[in-house]
Participant: 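Got a structure here, written out as structure tokens. Questions coming.
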Amino acid sequence: MNWLKELFTSKVTDFREKIFLVMALSGGIISAAAAVECLFIFDNLFFAIIDTIVAVYAIFAFFYTTTTGNYKLCFFVTIFLIFFVCYGVWFIMDGGYLSGMQAYFIFGVIFTCLLLDDKWGLILVGLELVFDILLCFYAYFYPDHIIKLEPELNVVLDVVFSLVMVSIVLVVAVRANLKAYKGQQVQLWKALEEREQASRTRNRFMAHMSHELRTPINSILGMNEMILRELSEINSEDWDVQDTNRKKHDGIYRMREYSNRLEKSGLALLGLITNVINLTKIESGEFEIRETVYDTYTQMSNFFERARTECENKNITFISEYYENMPMTLKGDIFCLGMMFNILLSNSVRFTSEGRIHVSFSYLEASEPGKVLLLFQISDTGIGMNEEQVRSIFSPQVYSENSSMDDNMDAGIGLSIVRELVERMEGTVEVQSKFGEGTTFTLRIPQICVNRKSISTNHVNFRYDTEEHVLFEARDAKILVVDDNEENLFTIQSLLGRTKVQVTTAGSGEEALLKVQQDTFHLIIMDYMMQGLDGLQTLSEMKKRGLIENIPVIALTANAMEKTADTLLQNGFDEYLTKPISGGKLEYYVLKYLPEELIKNLGVEEFIKKNSKKEIHKYAVPIKEYDIDLEAAMEHHNHQLLTYRKMAEINYESGQKGIEKYKQRLAEGKFDILWFTVHSLKANALSMGAIELHKIAKSIEERESDYVYMEAASNILLVEWKRMLDGLKWFIEHTEHLAVTNEKEEAGQTDLGETLTQLKRSLFEYNYKTSDMFVKQLLQNEEITDHALKTSLSQLETYISELDFDRAEELAEDIYRKYG
């Protein structure tokens, strides 16, 4: 019995073979029992012999199958000889349908269904049913041809015996099959768990390996960077050409060369490790596709810039091309797109020693509504591939010694990542190559179309994230800026000053609705979170009333999370800007969305010299006493101390009033209003480098309805706020020379209308220092020759010196009406 049990529970034996063995053994038992029935109950020797032969055949088929494993041959023989021949004879000679034969027919049908689940199974079952039906009708129309069982008790006994035997055998067979099936399922689950465990072990190993390898490599690259910096400070011209110093000069040159090669190899190794890790994550299902909304032109520019840099480093000609009618805004996984682009670009650069690399972007309409196929190609004139290499290019293979890529093992790994990502993003990738002539990769990736407006509509060849900016003026352009924070309004006005646009401000959503009814604007910049009507509600109301048809609206938000960005764009905003706002980025979007006829292009701004780390460090150390990280803040101000100083003056002046208002509202328990103040303060603190203040404000903001926490945390917030203002005051006082130098450079070049606008605002805020500065700028302006205007400005200077702001404000308003 042990061998029989092992046979049915063996992992090697095929599941259908097990079923056949069970049914064959069952059929043998039934036939043996039927032979006993015919011999001792019905006294029919002929049928007893037939049943014995069938039982012997069933046992033979059982052992033949266990020996050869060829159960299908035995099965078909069984169906035709036993079912169609023997059962047919038994039906006629054993009472027809007035006997137990119907139970055996059922047994045969079940037997067939269990063994065959393809078309042959259906065909045989159909033939068996038709055969049984024909036999029944034959017995009905030709009863004389049927040998009936007599007496009637024999009919009853035959039916009962057949039902009992077939039922017992079927129950045993089915239970045995279910047990075998369960056993096989358990084995499969165990195998799956073992595979998953192995996968988890591999992933843990890869993660550990990643950390263990990346850490020393990063350290090596970091130290090498320090070596290169030290060497770069040694100018070869400082060495004389005497033989005693020539060796030192040559040694420094060789050290530079070694360090450059070390950096190149280290980065290549780091890239290889990253590819291996990414491929592991993708194959294990840990890599998720995360879709975000992105500006098409900006991302294309980033890709082009990367390709241009790579090609220039290897002296390869770079050609870029894009379809100007591409949608302005798309939604997709820009990280994965960038990863695939970088892999294909690196692959082309690596295998191209001379010639050119051509990168192009375009799009096709997708079959699914609301989507497009982003299509980009990277072509090179490199070594190319033969047909065999093309067929296996997306496999993570290691090239043989005869391969033209034998020293670049990471090529296959990187291209495997491209294949996996393309499949997950439901796109396609094609490769065309000819050995010795070059290769072309073509990717088609589905993307959601958020804004179908063409990038060529307002396109200017300009990127805000470089040191080159397009200088432009738009004197006739009208922009509405909506924010419930006066400091933010003034900041945006200041940042847009040199563009000469006409800026109108609104301190709430309700006020913005009134402004758009009173005047027509070309662009609206609106804060997302405001007291009363917030940005979304205000925008919805404007559209409902038909006030801003075809007027682009840019959202301001301190929350750069993907969910917030999607909400803004899906609810009608054309773009969003995150706080703190950089001047270059603000100008970029203004330039992008203003009508082209309003733009006066003044050319490209020359390189703005950034302050050195040494200059910044001079102020960064003492200002740390006020919890201000100046070096971190410089990232938001293009590493220019003067720009930071201007923003420091704005924040300091408004912050004095802000603290008093905060204390007052805190005492009155107006926590809902305080939350909006904290929301704005969070972005301003980050811009000024007040990291601790930023953290506290962020913590309070995240607990929006927890007024108990807000009240308790406000004490700490006020302390840090005051500390930041003290630090800004210190910085302003110690960088006075920067402002004086800048004023001298800009003297005589100040726009009258712009300066008068700034002057009016500073008078309104009773700001003596700023008001006096603006008046002096105007008096020193050699372009102002009008005697009456000069007289009025002199009188205005007197009013300011006497701190008579009421009369100064009236005179400034009068001057603005006449000359502004």
Participant: Provide the closest heavy-atom pair for Leu779 versus Leu793 in the form atom of the first, atom of the second, distance.
Facilitator: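 That would be CD2-CB, 3.5 Å.
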Participant: For Gln531, give me all partners under side-chain hydrogen bond (donor to acceptor under 3.5 Å, both in side chains), at least two apart in sequence or on another chain.
Facilitator: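 For Gln531 there are no side-chain hydrogen bond (donor to acceptor under 3.5 Å, both in side chains) partners, ignoring immediate neighbours.
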Participant: Before you tell me yes or no, could you show the steps for Val590 and Leu523 under side-chain contact (heavy atoms from CB on, under 4.5 Å), namely the whole-Å CA-CA distance, both residues' side-chain angles and the distance that decides it to 0.1 Å?
Facilitator: CA-CA 8 Å; Val590 169; Leu523 176 65; 4.1 Å; yes
Participant: Is the shortest side-chain heavy-atom distance between Trp721 and Tyr662 below 4.5 Å?
Facilitator: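 Yes, side chains in contact.
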Participant: Between Gln537 and Asp534, is there a donor-acceptor pair closer than 3.5 Å when you use the side chain of the first and the backbone of the second?
Facilitator: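 Present.
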Participant: Do the side chains of Met634 and Leu641 get nearer than 4.5 Å, heavy atoms only?
Facilitator: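 With C-beta onward as the side chain, the pair touches.
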Participant: Can you tell me if Ser792 uses its side chain to pair, donor with acceptor, with the backbone of Ala788 under 3.5 Å?
Facilitator: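 Yes: the side chain of Ser792 pairs with the backbone of Ala788.
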Participant: Working to the nearest 0.5 angstrom, can you tell me the gap between Ile700 CD1 and Leu717 CG?
Facilitator: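 Going from CD1 on Ile700 over to CG on Leu717, the span is 4.5 Å.
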Participant: Decide, yes or no, whether a salt bridge links Asp519 with Lys515 under the criterion of side-chain N to carboxylate O below 4.0 Å.
Facilitator: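 Looking at Lys515 together with Asp519, the answer is no, because their closest N to O distance does not fall below 4.0 Å.
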Participant: Evaluate side-chain contact (heavy atoms from CB on, under 4.5 Å) for Leu547 paired with Gln517, printing each intermediate quantity in order.
Facilitator: CA-CA 7 Å; Leu547 300 174; Gln517 293 178 66; 3.9 Å; yes
Participant: Mark yes or no for whether Thr296, through its side chain, and Met328, through its backbone, hold a donor-acceptor pair below 3.5 Å.
Facilitator: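 Yes, because the side chain of Thr296 sits within donor-acceptor range (under 3.5 Å) of the backbone of Met328.
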Participant: Could you give the distance from CD (Glu291) to CD1 (Ile448), rounded to the nearest 0.5 Å?
Facilitator: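 The CD1 atom of Ile448 is 4.5 Å from CD of Glu291, to the nearest 0.5 Å.
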Participant: Would you say Arg545 and Leu513 make side-chain contact, with heavy atoms under 4.5 Å?
Facilitator: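 SC-SC contact between Arg545 and Leu513 confirmed.
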Participant: What distance separates Ile524 CD1 from Phe573 CZ, expressed to the nearest 0.5 Å?
Facilitator: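 Nearest 0.5 Å value for the CD1-CZ distance: 9.5 Å.
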Participant: Would you compute the distance between atom CG of Asn651 and atom CE of Met647 and round it to the nearest 0.5 angstrom?
Facilitator: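 Going from CG on Asn651 over to CE on Met647, the span is 5.5 Å.
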Participant: Could you please spell out the steps behind the ring pair (Phe, Tyr, Trp, His ring centres under 6.0 Å) verdict for Tyr528 and Tyr576?
Facilitator: CA-CA 9 Å; Tyr528 167 46; Tyr576 68 93; over 10 Å; no
Participant: What distance separates Glu473 CD from Ile599 CD1, expressed to the nearest 0.5 Å?
Facilitator: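 Rounded to the nearest 0.5 Å, the CD-CD1 separation comes to 10.5 Å.
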Participant: May I have the step-by-step check of side-chain contact (heavy atoms from CB on, under 4.5 Å) for Thr798 and Gln795, ending in yes or no?
Facilitator: CA-CA 5 Å; Thr798 302; Gln795 183 61 51; 4.2 Å; yes
Participant: Any non-hydrogen side-chain atom of Met688 less than 4.5 Å from a side-chain atom of Tyr652?
Facilitator: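 Not touching, per the 4.5 Å side-chain cut-off.
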Participant: Which atoms form the tightest heavy-atom contact between Leu489 and Val481, and what is the distance?
Facilitator: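 Nearest pair, atom of Leu489 first, then Val481: CD2-O, 3.5 Å.
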Participant: What's the verdict on salt bridge (Lys or Arg N to Asp or Glu O under 4.0 Å) for Arg723 and Glu720, showing C-alpha distance, side-chain angles and the deciding distance?
Facilitator: CA-CA 5 Å; Arg723 188 170 292 170; Glu720 285 297 332; 3.4 Å; yes
Participant: Is it true that, when you exclude Glu597 itself, more than 12 heavy atoms of the residues, nucleotides or ligands shown sit nearer than 6.0 Å to its CD?
Facilitator: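 Yes, enclosed.
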Participant: Taking Ile479's backbone N and O only, do any of them form a donor-acceptor pair with Gln502's side chain (distance below 3.5 Å, no angle check)?
Facilitator: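 No, Gln502 side chain to Ile479 backbone: no donor-acceptor pair under 3.5 Å.
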Participant: Closest approach of Asp476 and Leu598, non-hydrogen atoms and distance?
Facilitator: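 Looking at all heavy atoms of both residues, the shortest contact is CB-CD2, 4.1 Å.
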Participant: Of all heavy-atom pairs between Asp527 and Leu556, which one has the smallest distance, and what is that distance?
Facilitator: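 Minimum heavy-atom contact is OD1-O, 3.0 Å.
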Participant: Tell me, with the steps shown, if Thr504 and Lys478 meet side-chain contact (heavy atoms from CB on, under 4.5 Å).
Facilitator: CA-CA 7 Å; Thr504 301; Lys478 294 182 179 180; 5.9 Å; no
Participant: If we only count heavy atoms from C-beta on, is the Glu365 to Val372 side-chain gap below 4.5 Å?
Facilitator: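 Glu365 vs Val372: side chains touch.
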Participant: Are Tyr294 and Gln447 linked by a side-chain donor-acceptor pair shorter than 3.5 Å?
Facilitator: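 Their side chains do contain a donor-acceptor pair, which is all the 3.5 Å distance test asks for.
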Participant: Is Leu514 close to Gln518 at the side-chain level, that is, under 4.5 Å between some pair of heavy atoms?
Facilitator: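 SC-SC contact between Gln518 and Leu514 confirmed.
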Participant: Using only atom types and a distance under 3.5 Å, with no angle test, would you say the side chain of Asp627 pairs donor to acceptor with the backbone of Ala690?
Facilitator: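 Answer holds: no.
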Participant: For the pair Trp730 and Tyr619, name the ring-plane relationship: parallel under 30°, tilted 30 to 60°, perpendicular over 60°.
Facilitator: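 Trp730 vs Tyr619 ring planes: perpendicular.
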Participant: With Arg665, which residues qualify under salt bridge (charged side-chain N to carboxylate O under 4.0 Å, His left out), at least two apart?
Facilitator: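 Applying salt bridge (charged side-chain N to carboxylate O under 4.0 Å, His left out) to Arg665 gives none.
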Participant: Locate the shortest heavy-atom distance separating His694 from Ala685; write the atom from each residue and the value.
Facilitator: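 Heavy atoms only, the tightest pair is N-CB, 3.7 Å.
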Participant: Is a donor on one side and an acceptor on the other found under 3.5 Å between the side chain of Glu797 and the backbone of Lys776?
Facilitator: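 Absent.
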Participant: With sequence neighbours excluded, tell me which residues meet ring-ring contact (aromatic ring centres under 6.0 Å, His included) with Phe361.
Facilitator: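 Phe361 satisfies ring-ring contact (aromatic ring centres under 6.0 Å, His included) with Phe303, Phe304, Phe376 only.
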Participant: Is it true that a side-chain atom of Lys543 and a backbone atom of Ile548 form a donor plus acceptor pair closer than 3.5 Å?
Facilitator: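 Such a contact is absent between Lys543 side chain and Ile548 backbone.
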Participant: Would you say Leu778 and Leu796 make side-chain contact, with heavy atoms under 4.5 Å?
Facilitator: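 The answer is no; the side chains never approach within 4.5 Å.
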Participant: Enter the distance from His734:NE2 to Arg645:CZ here, rounded to the nearest 0.5 Å.
Facilitator: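 That separation rounds to 11.5 Å.
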Participant: Could you check whether any side-chain heavy atom of Thr735 comes within less than 4.5 Å of a side-chain heavy atom of Tyr644, counting everything from C-beta outward?
Facilitator: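 No; the side chains remain at least 4.5 Å from each other.
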Participant: Could you tell me whether the side chain of Ser699 and the main chain of Lys695 form a donor-acceptor pair under 3.5 Å?
Facilitator: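 Answer holds: no.
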Participant: Please report the shortest heavy-atom distance between Ser508 and Val482, naming the atom on each side.
Facilitator: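 Smallest heavy-atom distance, with atoms named: O-CG1, 3.6 Å.
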